[in-house]
Amino acid sequence: VQLQASGGGLVQAGGSLRLSCTASGRTFSNYAMAWFRQTPGKEREFVAAISWSGGSTSYTESLKGRFTISRDNAKNIVYLQMNSLQPEDTAVYYCTQRRSPSSAAGDYDYWGQGTLVTVSS
């Protein structure tokens with residue numbers, strides 16, 4: 001299983017970024033996808049998850065309304081649209097997958113290399 005996240009970069013506070021994650025190695029549409037983020041010295045934090053069909057999404061409460069997860073099963077891609085970014089959103093963002101969505105990092109077996117998002121004030 002390979003998960004490749006991209007789209008990170010440097011953005012000013014209030015700006016937007018869209019992260020992408022491509023997945024290969026198993027049938028993409030059979031798996032829920034999720035985004036987590038991590039800063040140095042802290043545990044990996046749940047951001048959002050989406051069901052295999054895209055019909056169900058979940059978010060960590062503090063990010064609702066600013067972040068949107070979506071997927072394109074025809075392209076094997078999951079997206080994370082991030083709006084109104086703040087310096088506290090600075091982190092490495094990781095995508096991952098499992099049969100059913102979960103907000104617990106320990107429930108996932110495979111992780112991509114992550115993409116760094118830096119938000120300047």
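Everything quoted here is computed from the prediction, not taken from an experiment.
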Contacts of Ser29 meeting side-chain hydrogen bond (donor to acceptor under 3.5 Å, both in side chains) (sequence neighbours excluded), chain-then-number -> none
Do Met82 and Leu63 have side chains that approach each other closer than 4.5 Å (heavy atoms only, starting at C-beta)? no
Tell me if a side-chain donor or acceptor on Arg98 pairs with a main-chain N or O of Asp107 at a distance below 3.5 Å. yes
Looking only at side-chain N and O atoms, does Thr39 offer a donor or acceptor that is under 3.5 Å from a partner on Arg37? no
Tyr93, Tyr110: one ILVMFWY side-chain cluster at the under-4.5 Å cut-off? yes
Would Leu80 and Leu3 show up in the same hydrophobic cluster when neighbours are defined by side-chain heavy atoms closer than 4.5 Å? yes
Between the side chains of Asn83 and Ser16, does any donor sit under 3.5 Å from an acceptor? yes
So Glu45 and Phe36, do their side chains get closer than 4.5 Å, heavy atoms only? no
Take Leu19 and Thr115, measure what side chain to side chain contact (heavy atoms under 4.5 Å, CB included) needs, and give me the verdict at the end. CA-CA 8 Å; Leu19 306 183; Thr115 186; 4.0 Å; yes
With rounding to the nearest 0.5 angstrom, report the CG to CE distance, Asn73 to Met33. 9.5 Å
As a quick check of understanding, evaluate ring-ring contact (aromatic ring centres under 6.0 Å, His included) for Phe67 and Trp35, giving each step before the final call. CA-CA 11 Å; Phe67 288 18; Trp35 288 95; 10.0 Å; no
In Å, rounded to the nearest 0.5 Å, how long is the span from CZ of Arg71 to OH of Tyr79? 11.5 Å
In the structure I gave you, are the side-chain heavy atoms of Ser120 and Val11 within less than 4.5 Å of one another anywhere? no
Report, one line per pair, each donor and acceptor closer than 3.5 Å where one atom sits in a side chain of residues 46-61; sequence neighbours left out.
from: Ser51; atom 1: OG; to: Gly54; atom 2: N; distance (Å): 3.4
from: Ser51; atom 1: OG; to: Gly55; atom 2: N; distance (Å): 3.3
from: Ser51; atom 1: OG; to: Ser56; atom 2: N; distance (Å): 3.0
from: Ser51; atom 1: OG; to: Ser56; atom 2: O; distance (Å): 3.4
from: Ser53; atom 1: OG; to: Gly55; atom 2: N; distance (Å): 3.1
from: Tyr59; atom 1: OH; to: Ile69; atom 2: N; distance (Å): 2.9
from: Glu61; atom 1: OE1; to: Lys64; atom 2: NZ; distance (Å): 3.2

Does the side chain of Tyr94 reach to within under 4.5 Å of the side chain of Thr96, using non-hydrogen atoms? no
Go through it in stages, so that I can follow the logic: the residues are Asn76 and Thr22, the test is side chain to side chain contact (heavy atoms under 4.5 Å, CB included), and I'd like the CA-CA distance, side-chain angles, deciding distance and then a yes or no. CA-CA 6 Å; Asn76 289 8; Thr22 58; 5.7 Å; no
Check whether any side-chain heavy atom of Leu85 sits under 4.5 Å from a side-chain heavy atom of Leu17, and report yes or no. yes
Ignoring hydrogens, what is the shortest heavy-atom contact between Ile77 and Ser20? Give both atom names and the distance. CG2-CB, 4.3 Å
In Å and rounded to the nearest 0.5 Å, what is the CD to CZ distance from Gln38 to Arg44? 4.5 Å
Please check if any side-chain donor atom of Arg66 sits under 3.5 Å from a side-chain acceptor atom of Gln86, or the reverse. no
Heavy-atom pair of closest approach, residues Gln97 and Phe28: NE2-CD1, 4.4 Å
Grab the two heavy atoms, one from Ala5 and one from Cys95, that are nearest each other, plus how far apart they are. CB-SG, 4.3 Å
Within the supplied structure, the quantity of interest is the number of heavy atoms (other residues, nucleotides, ligands) at a distance under 6.0 Å from Gln113 CD; does it exceed 12? yes
